[in-house]
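Here the structure is a predicted model, which means the values were calculated and not measured. Atoms within a ligand are numbered from 1 in the order they appear, just like the ligands themselves.
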Amino acid sequence: MAERHYKGRVAAPGLALGPLFHLPDIAAAADRPAGTPEEEMGRLTSAIATSKEQLALLLAEGEEMAAEILGFQLEMLDDPALVEAAAALVAEGTPAARAWQQGLAPQVEIFAGDDDPYFRARAADLLDLRDRVMAALAGGSGPAIAPPAGAIVAAGDLSPSRFLALDWTALGGAALGAGSAASHVAMLARARGIPLVTGLGQIEAVSATAVLDAKDGLLVVGPKPATERRYRERLEVDREEARAAARVVAAPARTASGRSIAVMVNVDDPDAVPDDLLRAGDGVGLLRTEFLFIGRAERPDEEMQYRTYARLLQRLGGRPLILRTLDIGGDKPLPGLALPEETNPFLGLRGLRLCLDRPDLFRPQVRAALRAAADGPLSIMLPMVSRAAEVEEARAFISMEAQALGLAVPPVGIMVETPAAALALDTMPVDFASIGSNDLTQYVMAASRDATGRVAELIDPLDPAVLRLIRIVVEAAAARGLPLSLCGDMASDRAGVEALLAAGIERVSVAPAALARVKLWIGACA
Ligand code: PEP
Ligand code: MG
């Protein structure tokens with residue numbers, strides 16, 4: 001067959017070569033011709049049993065972020081009422097998959113229309129559960145769908161639960177027809193070092209070897225021998241680099257001329273980062289706390305948040321933890337939180353703006369953070385800041401809560417993600433700052449970070465406009481002796497690291513899976 005190229009966007013970097021494996025198309029399963037009602041009921045029963053096994057396994061693996069969703073889904077599968085409607089349709093001659101889909105639809109609608117935000121949020125979990133059973137139906141009645149070792153998994157899109165259901169330690173990477181680089185799945189892949197390319201369009205369902213080039217955002221299906229050879233050489237270079245990186249991961253990072261650079265890690269789900277990696281870095285430079293909220297059945301209360309932050313501090317063994325307060329809104333909506341409809345959510349009520357509007361969200365988090373700060377070196381970082389008045393308001397709020405608790409106020413800093421914050425850093429009442437180059441790039445370039453096609457090409461942190469602004473921030477921070485870091489994804493990329501060091505950055509925070517390589521690249525810089 002002829003070599004085929006699909007162009008998409010890098011959502012998690014890396015390179016992989018392996019058999020292309022198409023995850024069963026859930027929608028197509030619904031259109032399979034029906035067997036006898038008995039056969040179809042047998043298939044449905046066994047698909048439900050398979051799904052239960054998969055959910056129980058996932059739950060046992062302790063992905064804390066998803067535990068409540070999985071628990072809810074298991075409970076639903078144990079409820080006979082859930083299967084009744086599908087069974088009635090099967091008895092009338094409807095194929096199992098279509099019956100399951102149609103039987104569940106009214107239940108999803110009931111959840112989606114509930115007044116209680118908790119139940120409304122369950123609609124998405126039920127849809128996820130519907131798809132899991134559909135996938136089991138599409139893949140036959142055997143055990144969990146298992147792609148071959150080293151496979152490049154191709155799918156239209158992936159829900160977090162389908163992503164977590166696969167054993168990525170044995171797989172090459174994922175190629176998605178749709179999806180966005182800023183999605184929840186993209187975050188999960190980046191933290192775990194799994195190459196992921198999104199927005200590839202319709203990927204033809206063929207059996208072939210494929211190359212997933214998650215450096216240039218390319219999927220090559222059926223590579224010609226010369227192409228395959230070229231990529232095998234690149235893979236060998238990559239492996240050699242990984243071996244060299246592993247040798248320097250635990251050592252402090254230094255440039256060739258001896259300049260010390262602090263390298264911290266970005267954490268979304270603390271349980272997804274092993275202890276040795278946590279301790280190899282110079283602390284956590286960005287804890288994305290919104291991921292404790294997203295994908296959870298109940299909103300984490302003060303006590304639960306406190307335990308999470310305190311445990312992470314304990315695991316860090318004295319290294320600093322920069323806790324970013326909730327960055328909800330924009331591309332990260334929180335199900336069940338009735339937010340106003342906005343024509344341009346990235347420019348709307350997100351991050352600190354939302355928290356200042358919603359003390360019911362902000363207060364428990366601030367109190368939990370203050371209590372954890374009494375246990376170790378924790379700083380509070382505010383996202384999506386535009387002007388000093390917002391920081392003053394947040395600081396007053398934090399001070400009041402600290403006073404009520406009889407606790408000290410830890411250092412309070414901001415993310416520099418808006419051109420406004422970058423240009424007026426000197427006016428900000430802060431103890432430290434960290435450049436969020438992901439958002440800063442989208443706001444400087446006026447191109448949404450989840451864009452595809454021509455607009456996506458503008459999301460380039462190495463554009464002279466973005467680099468010039470970063471230099472302005474570095475100078476402004478130096479002028480007032482303000483500790484400055486950069487925690488956007490450009491610091492997990494080789495060209496990004498080189499540009500940042502040249503601009504005078506001395507502290508970065510990177511994806512855990514990139515920590516070793518970043519230290520290696522720093523060593524090669526002047
Ligand atoms: C950023 O904007 O660069 C950043 C680190 O924050 P997030 O990617 O979570 O928006
Ligand atoms: Mg951001």
Within 6.0 angstrom of [X] [atom1], more than 12 heavy atoms from elsewhere:
X	atom1	result
R387	CZ	no
R507	CZ	no
R279	CZ	yes

Closer than 4.0 Å to some heavy atom of [X] - which atoms of ligand 1 meet that?
X	result
D439	1 (C), 2 (O), 3 (O), 10 (O)
E417	1 (C), 2 (O), 6 (O)
G436	1 (C), 2 (O), 3 (O)
C487	5 (C)

Among side-chain atoms of [X] and [Y], is any donor-acceptor pair under 3.5 angstrom?
X	Y	value
S485	S434	yes
R353	S386	yes
Y309	Q314	no
D375	Y306	yes
S260	R254	yes

The Mg ion (ligand 2) as vertex, arms to OD2 of D439 and OE2 of E417: angle to 10°?
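For OD2 of D439 and OE2 of E417, the angle centred on the Mg ion (ligand 2) reads 100°.
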
Is a salt bridge present between D282 and K519, judged by a nitrogen-to-oxygen distance below 4.0 Å?
no

Should N438 be counted as touching ligand 1, given the test is an N or O pair under 3.5 Å?
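Yes: some nitrogen or oxygen of N438 is under 3.5 Å from one in ligand 1.
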
Report the nearest protein non-hydrogen atom to [atom]: residue, atom name, distance rounded to 0.1 Å.
atom	value
atom 4 (C) of ligand 1	M415 CE, 3.6 Å
atom 10 (O) of ligand 1	R449 NH1, 2.8 Å
atom 9 (O) of ligand 1	R288 NE, 2.7 Å
atom 6 (O) of ligand 1	R324 NH1, 2.9 Å

One residue to check: [X]. Relative to ligand 1, which of side chain, backbone, both or neither has a non-hydrogen atom less than 4.0 Å away?
X	result
D327	side chain
R190	neither
L286	side chain

